[in-house]
Amino acid sequence: MFTSSRISSLNRHMKTHSTEKPHICHLCLKAFRTVTLLRNHLNTHTGTRPYKCGDCDMAFVTSGELVRHRRYKHTHEKPFKCSMCKYASVEASKLKRHIRSHTGERPFQCCLCSYASKDTYKLKRHMRTHSGEKPYECHVCHARFTQSGTMKIHILQKHSENVPKYQCPHCAAVIARKSDLRVHLRNLHTYRDTGLNCRYCSAVFHERYDFIQHQKTHKNEKKFKCEYCSYACKQERHMTVHIRTHTGEKPFVCHSCNKCFRQKQLLNVHVKKHHNTNFIPTVYECPKCGRAFSRWVLY
DNA sequence: TGAATGAGCGCCCTCTGCTGGATCATG
DNA sequence: ACATGATCCAGCAGAGGGCGCTCATTCA
């Protein structure tokens, strides 16, 4: 309800209820109620910006725009305070938009899917997922993107020098993207309640990175140790043969001369050398040039 | 009465961070 | 050859900043 102590103000207010707009823009035929409104509108056509900022080169059509600009850029005055957090804004509409992040209200519903957004821009941006529109093009490789930020990252990572890298604070890993470092930290450096057990020893770890590093220490480990001497090896079968040097066991017997051997391989060499008719000579002679070789593979 | 003020709507932008498929190295 | 896991990468949404413009109200 409009009230005023002055009749002139009431009369002017009453005009707001009228649809009469006698002031016409000669450039676009748009109609305005007052001369001032028409003048401001004309300034948008002519580019006239009478309100100049004293602290920078910006200039505006209306004084209100200048005031708002100064708040954003120079005075940082933010009169609209959120009652639920520390957020404050220059404009009431921004506070209204911010409040939706507390209430979860999503007034802008997509007509093609269940998505709803908190502001019009996000809905418009979302609609590109239905239309397939990719308005942003990389000037180097002409790849196209749905969002400008995605293209910016693409150019930075693919076409720029001195690409920033993100060093993991817990290990030597250097990762290209901040969000991927977060994934790295989550996967490798997050404490797990259920411990990871080493498959080679009794060690237990609660971080995957520590677990993997520990497992590597077993990689070249000679875990089979001789109980009689300092000999150690990676494979159990090697240890079995080695143990025979201490026990004197020689289970492989030559059926031609009864000579005994610790390893089957040694018996095979003996048989080939002394009893086999297909005995392989130690010298291979080239039939063309006469050159001699000690092994077949060299020949 | 014109100018100033402030509210309101709209548009576009940037920064940020998560997600899941692709790719690659390793066991 | 295959499985697994780490990293790369584009897609996408959340949040907020800044300006263009209009219009009702207040001030001088």
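Remember, predicted model here, so these are calculated numbers, not experimental data. By convention in this document, chain letters (A, B, ...) are assigned in the order of the sequence lines, proteins followed by strands, and residues within each chain are numbered from 1.
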Rounded to whole angstrom units, what separation is found between the CZ atom of A:R68 and the C1' atom of C:dG20?
-> 7 Å
Give the rounded distance in Å between these two atoms: CD of A:E91 and P of B:dT5.
-> 16 Å
Whole angstrom is fine here: how far is it from CE in A:M151 over to P in C:dC12?
-> 16 Å
Identify which nucleotide among C:dC12, C:dT7, C:dC9 has an atom closest to any side-chain atom of A:T146, counting heavy atoms from C-beta outward.
-> C:dC12
Reading nucleotides 11-22 of chain B from 5' to 3' and marking B where a protein heavy atom lies under 4.0 Å of the base, S where only the sugar-phosphate is that close, and - otherwise, the string is -BBBS-SB----
Rounded to whole angstrom units, what separation is found between the CD1 atom of A:I175 and the P atom of C:dG5?
-> 17 Å
Using a cut-off of strictly less than 4.0 Å, decide whether A:K118 has a side-chain nitrogen or oxygen near OP1 or OP2 of C:dA13.
-> no
For A:R49, which contact category applies under a 4.0 Å heavy-atom criterion: base, sugar-phosphate, or nothing?
-> sugar-phosphate
Ignoring backbone atoms, establish whether A:Y115 has a side-chain N or O less than 4.0 Å from OP1 or OP2 of C:dG14.
-> yes
Among all residues two or more places apart in sequence or in another chain, which pass the side chain to side chain donor-acceptor pair (under 3.5 Å) test with A:H76?
-> none
If only side-chain N and O atoms of A:H184 are considered, is one of them under 4.0 Å from the OP1 or OP2 phosphate oxygen of C:dT7?
-> yes
Side-chain donor-acceptor pairs of residues 163-175 of chain A under 3.5 Å, sequence neighbours excluded:
from   : atom 1 : to     : atom 2 : distance (Å)
A:Q167 : NE2    : A:C171 : O      : 2.9
A:Q167 : NE2    : A:A173 : O      : 3.4

Applying side chain to side chain contact (heavy atoms under 4.5 Å, CB included) to A:K78 and not counting sequence neighbours gives A:A88, A:V90
List in chain and number order the residues that pass ring-ring contact (aromatic ring centres under 6.0 Å, His included) with A:Y115, two or more places apart in sequence or in another chain; answer none if no residue qualifies.
-> A:H126
Are any of the side-chain nitrogens in A:D55 or A:R70 under 4.0 Å away from the carboxylate oxygens of its partner?
-> yes
Take atom CD of A:E105 and atom C1' of C:dG14, then tell me their distance rounded to the nearest Å.
-> 16 Å
Scan residues 71-89 of chain A against DNA chain B and write down, sorted by residue number, each residue with any heavy atom closer than 4.0 Å; if none is found, say none.
-> A:F80
Test side chain to side chain contact (heavy atoms under 4.5 Å, CB included) applied to A:K124 - qualifying residues, sequence neighbours left out | none
Spacing of A:I99 atom CD1 relative to C:dG16 atom P, expressed in whole Å = 10 Å
Please state whether the phosphate of C:dA13, meaning OP1 or OP2, lies under 4.0 angstrom from any side-chain nitrogen or oxygen of A:H126.
-> yes
Could you tell me whether A:R106 contacts a base, only the sugar-phosphate backbone, or nothing, with contacts defined as non-hydrogen atoms closer than 4.0 Å?
-> sugar-phosphate
Side-chain donor-acceptor pairs of residues 139-146 of chain A under 3.5 Å, sequence neighbours excluded:
from   : atom 1 : to     : atom 2 : distance (Å)
A:H142 : ND1    : A:E137 : OE2    : 2.7
A:R144 : NE     : A:K134 : O      : 2.9
A:R144 : NH1    : A:E137 : OE1    : 2.5
A:R144 : NH2    : A:K134 : O      : 3.3

Find the distance A:L66:CG to B:dA3:C1' and express it as a whole number of Å.
-> 14 Å
Measure the shortest side-chain to side-chain distance between A:L66 and A:M58 over non-hydrogen atoms and say whether it is less than 4.5 angstrom.
-> no
Any donor-acceptor pair under 3.5 Å joining the side chain of A:K122 to the base of C:dA15?
-> yes
Contacts of A:F80 that satisfy side chain to side chain contact (heavy atoms under 4.5 Å, CB included) - sequence neighbours left out | A:S89, A:A92, A:L95
Side-chain atoms of A:F145 come closest, of C:dT7, B:dC9, C:dG11, to C:dG11
Are A:H69 and A:H74 close enough that some pair of their side-chain heavy atoms sits under 4.5 Å apart?
-> yes
Calculate the interatomic distance between A:H154 atom NE2 and C:dC9 atom C1'; express it in whole Å.
-> 10 Å
